[in-house]
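Below is a structure I'd like to ask you about.
Reckoned from all heavy atoms, side chains included, excluding hydrogens, waters and symmetry mates.
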Amino acid sequence: MTPADTASSRIGRLRSAMTESPPLLWAFVYFFCLLSGYYVLRPVREAMGASADVEAIFPPAMIAFFAERGVPLRDFTLQVLFTCTFLIMLALQPVYGWLVSRFPRRVFLPVVYGFFIATLLGFYVLFDSGVPGRGMAFFLWITVFNLFAVAVFWSFMADVFSNAEARAFYGYIGAAGTLGAFLGPILTRSLVERIGIANLMLVSAGFLAMCVVCLLRLRLWAVAREQARGVVSGEVAMGGEVLAGLKLVLREPLLRWMALMVIGGVGVGTLLYNEQAAIVRRAYTDPAAATAFYATLDLAVNALTLVVQLLVTRGLLSRFGIAPALLIPGCAIIVGFSVLAASPLPLIVAVVQVVTRASEFSLAKPARETIYTRVGREWRYKAGAAIDTVIYRGADLSFVWLHKPLSLIGSSAVFGAGALVAAAMTFSVLRLLRQEKQLPDERTAGVAAADGTA
């Protein structure tokens with residue numbers, strides 16, 4: 001069978017799966033629109049983070065504050081942005097916990113996306129009028145948007161699909177997101193120099209509005225699955241503590257190892273991201289050119305991701321479970337960072353960036369998310385969100401500052417440290433897999449989920 005025949009066969013299976021499972025089609029459209037909307041704006045964020053124009057990024061008062069203390073803000077752009085992002089995540093975690101505890105799914109899901117749509121309209125005004133400090137505000141906002149919106153999406157998918165369905169469908173759903181991630185950069189490259197950055201905000205808002213339509217449709221299947229399994233309905237508020245998510249991560253071994261695995265993945269990504277930003281800052285002084293470069297990089301990542309999702313992910317998860325999908329990315333990162341430590345050439349940095357991000361999106365992320373189909377709602381919506389927001393950004397913050405002293409030694413030191421972090425991440429995967437085997441199977445998971453336990 002030729003590669004073309006194989007690809008055609010996989011696409012045929014996708015069509016058949018959509019025919020047999022109507023919610024898969026809506027989930028497909030949902031994730032496609034979500035990542036289309038995000039990737040329209042991601043190149044703008046990357047260009048802002050790599051920009052040397054501090055007046056466009058930071059408010060004048062902030063620039064003056066640092067200047068009075070003899071600190072060149074330009075040299076600490078990413079460190080300051082990541083620190084502020086973490087503080088915002090820390091402040092929003094109890095707000096999100098309160099929202100999901102006090103309101104049913106039919107209320108808090110549209111509220112989350114409605115908030116992001118409203119703020120996008122606000123950013124249209126900021127960019128259209130050229131308000132100083134717009135870069136920092138946008139960088140912080142889109143980082144929060146990406147983590148919360150995607151975390152909510154996968155938590156909701158665990159309400160809609162069973163564990164067996166997740167292993168069969170999550171690769172396809174991930175592919176939908178990758179197609180959206182393809183479309184976003186293409187739209188940005190085609191439109192940014194014609195209509196300007198401000199109007200990209202309206203394009204993204206349109207995609208998010210479609211996400212709301214999809215989640216309202218998918219809610220019907222979530223309710224039907226909960227009724228069939230006899231678990232507590234997501235149509236009523238789940239209650240519980242506002243900070244229950246963080247407490248669950250501290251208390252439960254499976255969640256702790258998952259958090260440590262995520263921290264390791266964030267660590268290698270952040271170290272690589274910072275080295276890449278330094279290269280872009282030197283090579284591109286025009287924001288539009290830098291935006292186009294990041295859009296090209298995103299296209300390369302998404303091309304590899306889509307190939308793996310369509311040809312590998314479903315078969316790997318269905319036949320062998322989550323172990324290979326979690327272990328392969330860790331081993332690939334160890335090899336990539338070891339090569340970079342020996343020869344940190346710009347082209348190799350770009351290649352490793354593509355492989356690192358593609359393996360996370362196509363293998364590690366779908367594999368992690370299948371675990372949440374076998375646990376209770378607090379684990380999904382609270383603990384899962386805590387890992388993907390506060391803990392994720394806490395790791396970002398730690399490694400973005402760690403990069404600073406390492407970069408003074410040289411790129412080889414940065415990538416050598418990254419290889420060690422990747423090894424620690426792989427060890428966490430092994431421990432997570434041991435805990436995952438202790439979860440209840442599909443027949444008894446409903447009973448456990450009913451009382452909120454794993």
Side-chain atoms of residues 418-430: list all donor-acceptor pairs with protein atoms under 3.5 Å, sequence neighbours left out, distances to 0.1 Å.
{"residue": "T426", "atom": "OG1", "partner": "A422", "partner atom": "O", "Å": "2.9"}
{"residue": "S428", "atom": "OG", "partner": "A424", "partner atom": "O", "Å": "3.2"}

(message) Can you confirm whether F169 sits close enough to M157 that some side-chain heavy atom of one is under 4.5 Å from a side-chain heavy atom of the other?
(response)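 No; the side chains remain at least 4.5 Å from each other.
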
(request) May I ask you to test the I263-F399 pair for a side-chain heavy-atom distance under 4.5 Å? (result)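 Yes. Closest side-chain heavy atoms under 4.5 Å.
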
(message) Contact between I88 and W141 at the side-chain level, heavy atoms closer than 4.5 Å - yes or no?
(response)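 I88 vs W141: side chains apart.
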
(request) Please round to the nearest 0.5 Å and tell me the distance separating atom CG of L140 and atom SG of C84. (result)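 So the gap between those two atoms works out to 6.0 Å.
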
(request) Any chance you could measure L35, atom CG, to F153, atom CZ, to the nearest 0.5 Å? (result)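 Rounded to the nearest 0.5 Å, the CG-CZ separation comes to 8.0 Å.
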
(message) Quick check for you: to the nearest 0.5 Å, what is the distance between L254 atom CG and R431 atom CZ?
(response)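 Going from the CG atom of L254 to the CZ atom of R431 covers 12.0 Å.
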
(request) Evaluate the side-chain proximity of Y39 to T178: yes if any heavy-atom separation is below 4.5 Å, no if none is. (result)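 No - every pair of side-chain heavy atoms lies 4.5 Å or more apart.
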
(request) Can you measure from CG (L406) to OG (S412) and round to the nearest 0.5 angstrom? (result)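 Here the interatomic distance stands at 11.5 Å.
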
(request) Start with the C-alpha gap between V213 and Y30, add the side-chain angles, then the distance that decides, and say whether side chain to side chain contact (heavy atoms under 4.5 Å, CB included) holds. (result) CA-CA 8 Å; V213 174; Y30 183 173; over 6 Å; no

(message) Ring centres under 6.0 Å, that's the criterion: do F28 and Y172 meet it?
(response)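 Ring centroids of F28 and Y172 are no less than 6.0 Å from each other.
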
(request) Show the numbers, then the answer: is there a salt bridge (Lys or Arg N to Asp or Glu O under 4.0 Å) between K247 and E252? (result) CA-CA 9 Å; K247 292 181 178 180; E252 300 294 341; over 6 Å; no

(message) Please enumerate all residues that pass salt bridge (Lys or Arg N to Asp or Glu O under 4.0 Å) together with E436, with sequence neighbours excluded.
(response)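 E436 satisfies salt bridge (Lys or Arg N to Asp or Glu O under 4.0 Å) with R167, R374 once adjacent residues are dropped.
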
(message) Side chains of I391 and V266, heavy atoms from C-beta outward: is any pair under 4.5 Å?
(response)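 I391 does not reach V266 side chain to side chain.
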
(request) Check whether any side-chain heavy atom of L272 sits under 4.5 Å from a side-chain heavy atom of F415, and report yes or no. (result)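 A side-chain contact under 4.5 Å exists here.
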
(request) Output yes when a side-chain donor or acceptor of S359 lies under 3.5 Å from a complementary backbone atom of T356, and no otherwise. (result)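 A pair under 3.5 Å: yes.
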
(message) Within the 4.5 Å heavy-atom criterion, are L120 and L41 side-chain neighbours or not?
(response)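 Sidechains of L41 and L120: in contact.
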
(message) Restricting to non-hydrogen atoms, name the atom on L216 and the atom on P110 that form the minimum distance, rounded to 0.1 Å.
(response)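 Result for this residue pair: CD2-CG, 4.3 Å.
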
(request) Any chance you could measure K365, atom NZ, to T370, atom OG1, to the nearest 0.5 Å? (result)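 Separation between the atoms: 11.5 Å.
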
(request) Look up atom CZ in F32 and atom CG in L179, then write down how far apart they are to the nearest 0.5 Å. (result)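 It is 6.5 Å, given to the nearest 0.5 Å.
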
(request) Using a 4.5 Å cut-off on heavy atoms from C-beta on, say whether the side chain of T313 contacts that of Y170. (result)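 A side-chain contact under 4.5 Å is absent here.
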
I'd like a table of donor-acceptor pairs (distance under 3.5 Å, sequence neighbours excluded) in which one partner is a side-chain atom from residues 199-211, with atom names and distances.
{"residue": "N199", "atom": "ND2", "partner": "I195", "partner atom": "O", "Å": "2.8"}
{"residue": "S204", "atom": "OG", "partner": "G37", "partner atom": "O", "Å": "2.8"}

(request) Would you name the heavy atoms of L271 and A417 that are closest together and state the gap between them? (result)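 Taking L271 first and A417 second, the nearest heavy atoms are CD1-C, 4.4 Å.
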
(message) Between F31 and W154, is the ring centroid distance below 6.0 Å?
(response)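 Yes - the distance between ring centres of F31 and W154 falls below the 6.0 Å cut-off.
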
(message) Tell me every residue that passes side-chain hydrogen bond (donor to acceptor under 3.5 Å, both in side chains) with T83, counting only those two or more places apart in sequence or in another chain.
(response)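 Scan of T83 (side-chain hydrogen bond (donor to acceptor under 3.5 Å, both in side chains), adjacent residues dropped) gives W401.
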
(request) Only counting residues at least two apart or in another chain, list the ones meeting side chain to side chain contact (heavy atoms under 4.5 Å, CB included) with A149. (result)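 Counting only residues at least two positions away or on another chain, A149 forms a side chain to side chain contact (heavy atoms under 4.5 Å, CB included) with L34, Y113, F116, F145.
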
(request) Go through the steps to decide whether H403 and T270 satisfy the test side chain to side chain contact (heavy atoms under 4.5 Å, CB included), and finish with yes or no. (result) CA-CA 8 Å; H403 174 268; T270 301; over 6 Å; no

(request) With R368 as reference, evaluate I322, V262, L363, I387 under the side chain to side chain contact (heavy atoms under 4.5 Å, CB included) test and give the passing residue. (result)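 With R368 as partner, I322, V262, L363, I387 yield a single side chain to side chain contact (heavy atoms under 4.5 Å, CB included), made by V262.
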
(request) For the pair V339 and V352, evaluate side chain to side chain contact (heavy atoms under 4.5 Å, CB included) and give the outcome as yes or no after the intermediate values. (result) CA-CA 9 Å; V339 171; V352 175; 5.9 Å; no

Please list, one pair per line, the donor and acceptor atoms closer than 3.5 Å that link side chains of residues 327-335 to other protein atoms, with sequence neighbours excluded.
none

